[in-house]
Amino acid sequence: MRYSSAFIPTLKEVPKDATTPSHVLLLRGGFVRMVGAGIYEMLPLGLRVLRKIADIVREEMDRSGSQEVLMPALLPAEYFRETGRWDLYGDVLIRMKDRKGGEYHLGPTHEEIITDMVRRDVKSYRQLPQSLYQVQMKFRDEPRPRAGLLRCREFMMKDAYSFDVSEEKAFASYGVMREAYHRIFKRLGLEYRIVEADSGAIGGKTSAEFQVLAQTGEDAIVACTKCDYAANVEVATSTAPAKKTDAVGAMEKVATPHKKTIEDVATFLSVPQSQTMKALFFRVIRKDSVSNALVFVRGDHEAHEVKVANALGAREVVMGTADEAAKHGIVTGYIGPQGRASSKDLEVYFDRSLDTGEGFVAGANEEGFHTKNVVVGRDASGTIVDVRTVGDGDACPNCMGELKSYRGIEGGHIFVLGTHYSAKMGCTFLDEEGNSKPIVMGCYGIGVSRLVATAIEQNHDADGIRWPMTIAPYQVIVVPAGKEDEIQAAALDVYTKLGALGVEALLDDRDERPGVKFKDADLLGIPLRVVVGKKGLAEGKVELKARKDKDVSMVPVGEIVDKVASLVREGGVRLIPKS
RNA sequence: CGGGGUGUGGCGCAGUGGAAGCGCGCUCGGUUCGGGACCGAGAGGUCGUGGGUUCGAUCCCCACCACCCCGACCA
């Protein structure tokens, strides 16, 4: 492509609404433009990147034995009604009516539609397993779209679905996809971790997220520095604390006037914060009931609400207000477990870090007093759970190694769904014995458009983007630095020969000063840059620079094309020469 | 949905109760030509929308809309 005729509207100034690096650079580089909140149009460069990512995903899906289909984005309400998600999805679903008043919505995900596709035709175990995928725009009315392509209301997603005769086979399919995902993320050139995660609303049993490491990530994850354990903090755990058997003296009430926070109490009583416990009052929302719970965690720990909800078997837990607590006779600031027991009104839980046989300082359930030597099990009873937020320095639950925390962007998520959808939708098959059984499903998503932004979050510097070779919009930019005919001719020659080898090259033939061209080349993030200049050319050489490196090398004109081609290949791209 | 903020030329911003300006970008001419050059001449704006106050509103008042940030929520 000749730059002079390309539609690459770059911007010098940072658009004021862009905050994250990928958002800024996608806009400045002329890759995308915003049309509305969470709605973007892809300009030529952006589309090239998007397609490259999608193509890699397709190749690996195909290789894993999955077949591509395309489902509609516009869906009649009846499918989501079948599984109850018409109501469950709430405002996230973009709903509409047709001229006859029929109810429709835009697809936020396609489990129901694919299940319908399969149930129509698959009747026998002989037709299984099946694996189908699609690359499609999805629509979700996000409460808060943000950060450019990272969180959109319209976004491109690859979703795959597996159909098996048994849970065992479904896990095998899950394993195949997991391997395919590893290949995909490696080929995309992204640093990532596969982590255990909460299954959320999709309703699965086993799931794993592919988290791309980036400082701006929305998700907090921990990974072991020794083994391959990694988990989203929503579900992360650590080694359970050892029980201690030292005798602990009897409980002792002490005056702690006006000392409400853990910090104040610990300082006042001269005990480490790890020897105190604090209580969190939650409103617990279960499938068909709402109750309250006191959850005790160590003073220096934090409870994670998702872990709390999972541990209590709740759909959701919400921090209760002081007023609500007061109705249960709770003295905020001085809450203790002694003398309490789980009741219908108020459930009592302890994080397992408190179940060590040690004595802790707890509130005395009386304004201005705390109690020392409270031993869980001896002086207080409740259910032991694991709800604390795991963080840096905690011990790995697998190998006792040290856990380290990262920020991540969820690039992919794979689930074993079981029969959640198939059972509700009557997607069944006859096994060898003639028994009708629901098909066991799995689903596997990759946020294709999100990965465009994710790749930038992980690969950029002060000057612009640094695309991984496999997804760069062009692999090399050829810059003639000078107007002399020899320079122009030499640059055109290099550009033409690169094209013949199948290298995707951009020829910056614009009538601009070299500085402008260099700035744009860096901003666009083209991995390789070949500059044809007067001095070099006099010696029969051109300049080669990698976007990610500082240094420049001079290469004989006769070798530059092969040199570039081999670097592109090394970057993981298969070159197909044009005949 | 709660809290905060912003809407003025393509982008970034200033500004006034008498009706609009700067930088970048754009067009033309000239000088330049290895890290976003310089000089000169131009083009380009329903001041988010609607209503109100006023002789007169981009400015003051009210309502609405859009967008951004924090939180809730979420992939």
Side-chain angles (χ1 to χ4, degrees), chain A residues 9-20 23-24 27-28 30 33-40 88-93 108-109 138-159 195 197-202 204 207-212 217-219 232 234 305-306 309 315-319 408-415 443-451 453-454 462-464 479-484 487 508 510-524 529 531-537 542-543 545 550 552:
Chain A
T10 58
L11 301 172
K12 272 192 194 177
E13 301 206 55
V14 178
K16 76 171 174 195
D17 288 340
T19 49
T20 55
H23 196 191
V24 170
L27 290 170
R28 284 197 55 212
R33 288 286 185 261
M34 188 173 89
V35 172
I39 308 171
Y40 288 83
L88 262 178
Y89 246 89
D91 290 336
V92 174
L93 216 51
T109 173
K138 308 267 180 174
F139 301 83
R140 294 180 193 176
D141 193 355
E142 280 293 327
R144 195 180 148 202
R146 78 190 114 182
L149 293 187
L150 286 176
R151 177 157 234 94
C152 283
R153 293 195 290 178
E154 177 180 8
F155 57 99
M156 185 177 281
M157 185 165 160
K158 185 283 304 180
D159 49 329
V195 307
D198 185 49
S199 297
I202 294 188
S207 82
E209 290 173 346
F210 282 73
Q211 288 278 358
V212 179
E218 289 181 291
D219 295 315
N232 194 305
E234 292 174 353
E305 287 193 18
V306 174
R315 178 183 290 171
E316 189 186 2
V317 294
V318 184
M319 283 284 224
I409 299 170
E410 186 181 349
H413 203 158
I414 59 178
F415 299 81
C443 77
Y444 318 91
I446 286 183
V448 178
S449 53
R450 171 182 276 184
L451 284 176
T454 302
D463 294 314
V479 181
K483 291 192 170 157
E484 292 79 356
I487 290 176
D508 196 347
R510 293 177 299 169
D511 183 19
E512 290 285 358
R513 300 158 67 88
V516 173
K517 298 185 180 185
F518 296 153
K519 285 289 186 188
D520 274 335
D522 287 348
L523 175 61
L524 299 185
R529 188 183 79 189
V531 179
V532 181
K534 195 164 24 176
K535 269 183 270 174
L537 204 55
V542 294
E543 175 188 308
K545 180 181 175 299
K550 263 269 177 264
V552 169

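Chain A is the first sequence line, chain B the second, and so forth, proteins listed ahead of strands; every chain is numbered from 1. Everything numeric in this text was worked out from a predicted model, so none of it was measured.
B:G5 and B:G18 have their C1' atoms separated by 31 Å, given to the nearest Å. One P atom belongs to B:A14, the other to B:G23, and the distance between them is 15 Å to the nearest Å. Rounded to whole Å, the P atom of B:G42 lies 27 Å from the corresponding atom of B:G12. Across the C1' atoms, B:G36 and B:A57 are found 40 Å apart, a figure rounded to whole Å. Distance noted for atom P between B:A20 and B:G4: 35 Å (whole Å). Taking atom P on both nucleotides, B:C68 is separated from B:A63 by 23 Å, rounded to a whole Å. Straight-line distance between the P atoms of B:G2 and B:C38: roughly 50 Å, to the nearest whole Å. When the P atom is compared between B:C28 and B:C47, the two are found 30 Å apart, to the nearest whole Å.
A close approach under 4.0 Å does not occur between any side-chain nitrogen or oxygen of A:Thr19 and OP1 or OP2 of B:C68.
Separating the OH atom in A:Tyr89 from the OG1 atom in A:Thr109 is a distance of 5.5 Å, to the nearest 0.5 Å. A:Phe210 CZ to A:Ile446 CD1: the interatomic distance, rounded to the nearest 0.5 Å, is 8.0 Å. To the nearest 0.5 Å, atom NE2 of residue A:His23 and atom CZ of residue A:Arg146 are 13.0 Å apart. Taken to the nearest 0.5 Å, the NZ atom of A:Lys138 stands 3.0 Å off from the CG atom of A:Asp159. Here the straight-line distance linking atom CG of A:Asp463 with atom CG of A:Leu523 works out to 9.0 Å at 0.5 Å rounding. Atoms CG and OG1, on A:Leu27 and A:Thr10 in that order, are 12.0 Å from each other to the nearest 0.5 Å.
The side chain to side chain contact (heavy atoms under 4.5 Å, CB included) search around A:Thr19 returns none, not counting sequence neighbours. With sequence neighbours excluded, the residues forming a side chain to side chain contact (heavy atoms under 4.5 Å, CB included) with A:Glu154 are A:Ile39, A:Met137, A:Phe139, listed by chain and number. Every side chain to side chain contact (heavy atoms under 4.5 Å, CB included) that A:Glu512 has, sequence neighbours left out, goes to A:Arg510, A:Val516, A:Lys517.
In this structure, the nucleotide among B:C73, B:C67, B:C24 sitting nearest to the side chain of A:Lys12 is B:C24.
A:Lys534 places a side-chain heavy atom less than 4.5 Å from the side chain of A:Glu484. Residues A:Ile487 and A:Val532 meet the side-chain proximity criterion, which asks for heavy atoms closer than 4.5 Å.
Rounding to whole angstrom units, CG of residue A:Leu88 and C1' of B:C73 are separated by 15 Å. Rounding to whole angstrom units, OH of residue A:Tyr40 and C1' of B:C68 are separated by 10 Å.
Closest-nucleotide positions on RNA chain B for A:Glu142 and A:Arg153 were compared, and the one nearer the 5' end corresponds to A:Arg153. In this structure, A:Cys152 and A:Arg510 both approach RNA chain B, and ranking their closest nucleotides by distance from the 5' end singles out A:Arg510.
As judged by a 4.0 angstrom heavy-atom cut-off over every strand, A:Met34 is placed among residues touching the sugar-phosphate backbone only. Within 4.0 Å (heavy atoms only), A:Arg28 reaches at least one base atom of the nucleic acid.
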Query raised in the report: If you write RNA chain B from 5' to 3' in dot-bracket form, with Watson-Crick or G-U pairs under 3.5 Å, [ ] for crossing pairs and | for pairs with another strand, what do you get?
Result: (((((((..((((....[..)))).((((((.....)))))).....(((((..]....))))))))))))....

**Report entry** Per-nucleotide protein contact string for nucleotides 28-35 of chain B (B base, S sugar-phosphate only, - none; heavy atom under 4.0 Å)
**Finding:** ----BBBB

Report task. Verify salt bridge (Lys or Arg N to Asp or Glu O under 4.0 Å) between A:Arg529 and A:Glu543, making sure each step is shown before the conclusion. Result -> CA-CA 8 Å; A:Arg529 188 183 79 189; A:Glu543 175 188 308; 3.3 Å; yes

Protein N or O to nucleotides 12-15 of chain B N or O, pairs below 3.5 Å:
unit_1, atom_1, unit_2, atom_2, d
B:G12, OP1, A:Lys16, N, 3.2
B:G12, O2', A:Glu13, OE1, 3.4

